[in-house]
Amino acid sequence: MTVTDPEAQAGWVPEAVDTVVDDADEEMPLSLRLSIADTLTLGNATCGFMAVYFTTTGILIPHLTGSDQSGMARHSAATAVILMLCAAVFDLFDGLVARKLRSSPMGAELDNLSDLISFGLAPAYFVLVYGMVADDAHQRVAAVGAIVVLLAVVLRLARFSCVTLRDGVFQGMPSPFGALTVVSIVLLELPFEATLLAIIGTAWLMVSRVEYPKPRGLLAVAMLAWIVSAMGLLAAWAFDAPGGQLLLQTGCALQLVLGAVIPLFATARRVNNFRDNRREARAAQLP
C-alpha cells in the first residue's frame, strides 16, 4: 500500500498554481500597458470632454438662466473650439509617435473612441447648443443637424476600422477636419438655413468616398501651423481685439474653402486617372 505524504501533495499544488498566476501576471501588463501614443490619445479624449463642459457652462446654462453675459459666452465658445483644436493636435501627434515608437494593442480602439468624443460628440453638441441660443435658429431642426454630424463621424470611424485603403490617403473627410469645418460654419453666423445645409454637406463629405491625403511630412507641418493660427484667431476674437471678429470670420471662411476645394481636386484627380487608364487599355487593345 502506497502512502502519500499530505504535506508533499499540498506543497506541489500551490507551486503549480503560483506558476500559472506568475505567467498571467507577466502577460497581462504587456497587453494593458499604455504607450506614449496612447497617452496622447487620452489627451485627445480629455480635450473633447472639456469642450462639451465649456459649451454647457459658458453658453447653454447662461442662456437657460437668462444671464446676459455675452462676453462669457464668447470666451466659452472660443475655449471650446480651442480645446477641439488641441484634440486635433493630440490626434496628429499620436499617429506620428505610434509610427516612430510603438503602440499598444489598444491603440486603434482608443484612437477611435477618443475621436468619437472630440470630433463627433463635441461638434455635434456645439451645433445643438447653437440651435438653442441663436436668434434665428430652430432648436429641433438644429438637433437633427447635430445628430447627422454625430452619425456621420460614427459611420466614418467604423468604416475606417473595416476598410483597407492604399497608403497615404483617407476615404472621406477626416473627422478632425470635419469637426473644425462644422464649428467654423457655426462661428460664421450665416443665416440658419445656409448654416444647416453647410453642416449637412460637411457630414456627407465625411462619409463620402472622396480621398483625402494623410497629414504626413510637410502636410503635417502645414496642418499644425493652421491649427496654431486658428487658436490665435479665436483668442483675438474672445478678447475682443481690434479686428478680431473680421479675422475670425476670415479664418472660418478659409476653413470652408479648404473643405470644398480639396474634394474638387481629389475628384478631378480621380477623373484624370480614370481617363488615363482607359487610354492605356485602348492602346493595349490596338494591334
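Model, not experiment: these values are computed from the prediction.
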Could you state the interatomic distance from CE (M50) to CD1 (I82), rounded to the nearest 0.5 Å?
13.5 Å

Show the nearest heavy-atom pair for residues G178 and T202, with the distance to one decimal.
O-CG2, 3.7 Å

Mind listing the side-chain donor-acceptor pairs of residues 84-93 below 3.5 Å, one per line with the distance, residues two or more places apart or on another chain?
none

What's in the same ILVMFWY side-chain cluster as F119, cut-off under 4.5 Å, chained through other members?
none

P62 backbone acceptor or donor facing T65 side chain under 3.5 Å
yes

From CZ (R156) to CG (N112), nearest 0.5 Å:
9.5 Å

Roughly how far apart are L190 CG and T195 OG1, rounded to 0.5 Å?
4.5 Å

Quick check on R209: does its CZ atom have over 12 non-hydrogen neighbours (other residues, nucleotides or ligands) under 6.0 Å away?
no

Determine, step by step, whether D115 and V153 satisfy the side chain to side chain contact (heavy atoms under 4.5 Å, CB included) criterion, reporting the C-alpha distance in whole Å, the side-chain angles of both residues, the deciding distance to 0.1 Å, and the verdict.
CA-CA 8 Å; D115 286 354; V153 175; 5.8 Å; no

May I ask whether W204 and I147 are part of the same hydrophobic cluster, defined by side-chain heavy atoms of I, L, V, M, F, W, Y residues being less than 4.5 angstrom apart, directly or through others?
no

Taking atom CG of L254 as the centre, report whether more than 12 heavy atoms of other residues, nucleotides or ligands fall under 6.0 Å from it.
yes

Please report the closest heavy-atom contact between A152 and V207, naming both atoms and the distance.
O-CG1, 3.5 Å

Which pair of non-hydrogen atoms, one from L256 and one from S184, has the smallest distance, and what is that distance?
CD1-CB, 3.8 Å

Looking only at non-hydrogen atoms, find the nearest pair between M173 and M206 and report the distance.
O-CG, 3.6 Å

Side-chain H-bond candidate by donor/acceptor type, D94 with N44, under 3.5 Å:
no

Rounded distance [0.5 Å steps], OG1 in T41 versus CE in M106:
10.0 Å

When you group the ILVMFWY residues by side-chain heavy-atom contacts below 4.5 Å and let the links chain together, are L83 and F49 in the same group?
yes

Shared hydrophobic cluster, V221 / L40 (ILVMFWY, side-chain heavy atoms < 4.5 Å)
no

Which atom names give the shortest non-hydrogen contact between Q171 and R159, and what distance separates them?
O-NH2, 2.9 Å

So does L205 get a backbone contact from the side chain of S208, meaning a donor-acceptor N/O pair under 3.5 Å?
yes

Please enumerate all residues that pass side chain to side chain contact (heavy atoms under 4.5 Å, CB included) together with A134, with sequence neighbours excluded.
Y130, D136, A137

Would you compute the distance between atom CG of L42 and atom SG of C47 and round it to the nearest 0.5 angstrom?
11.0 Å

Between CE of M132 and CG of L128, what distance do you get to the nearest 0.5 Å?
6.5 Å

Dump the intermediate steps for side chain to side chain contact (heavy atoms under 4.5 Å, CB included) on F54 and I59, then the final yes or no.
CA-CA 7 Å; F54 277 100; I59 303 176; over 6 Å; no

Among L180, L188, L247, V257, find the one that has a side chain to side chain contact (heavy atoms under 4.5 Å, CB included) with C252.
L188

Would a hydrophobic clustering, with Ile, Leu, Val, Met, Phe, Trp and Tyr connected at side-chain separations under 4.5 Å, put F160 with I117?
no

L150 meets the side chain to side chain contact (heavy atoms under 4.5 Å, CB included) criterion, sequence neighbours left out, with L116, A124

Does one hydrophobic cluster hold both I200 and V127, with members joined at side-chain heavy-atom distances below 4.5 Å?
yes

Test of understanding: with ring-ring contact (aromatic ring centres under 6.0 Å, His included), list the residues that count as partners of H138, not counting sequence neighbours.
F192

For G48 and A122, which heavy atoms make the closest approach, and how far apart are they?
O-CB, 3.9 Å

Counting only pairs under 3.5 Å, give me each side-chain donor-acceptor contact of residues 225-242, with atom names and distances, residues two or more places apart or in other chains.
residue	atom	partner	partner atom	Å
W226	NE1	Q255	OE1	2.8
S229	OG	A225	O	2.9
W237	NE1	Q245	OE1	2.8
D240	OD1	R74	NH1	3.4

Evaluate V186 against F126 for side chain to side chain contact (heavy atoms under 4.5 Å, CB included), listing each step before the verdict.
CA-CA 8 Å; V186 174; F126 198 80; 3.7 Å; yes

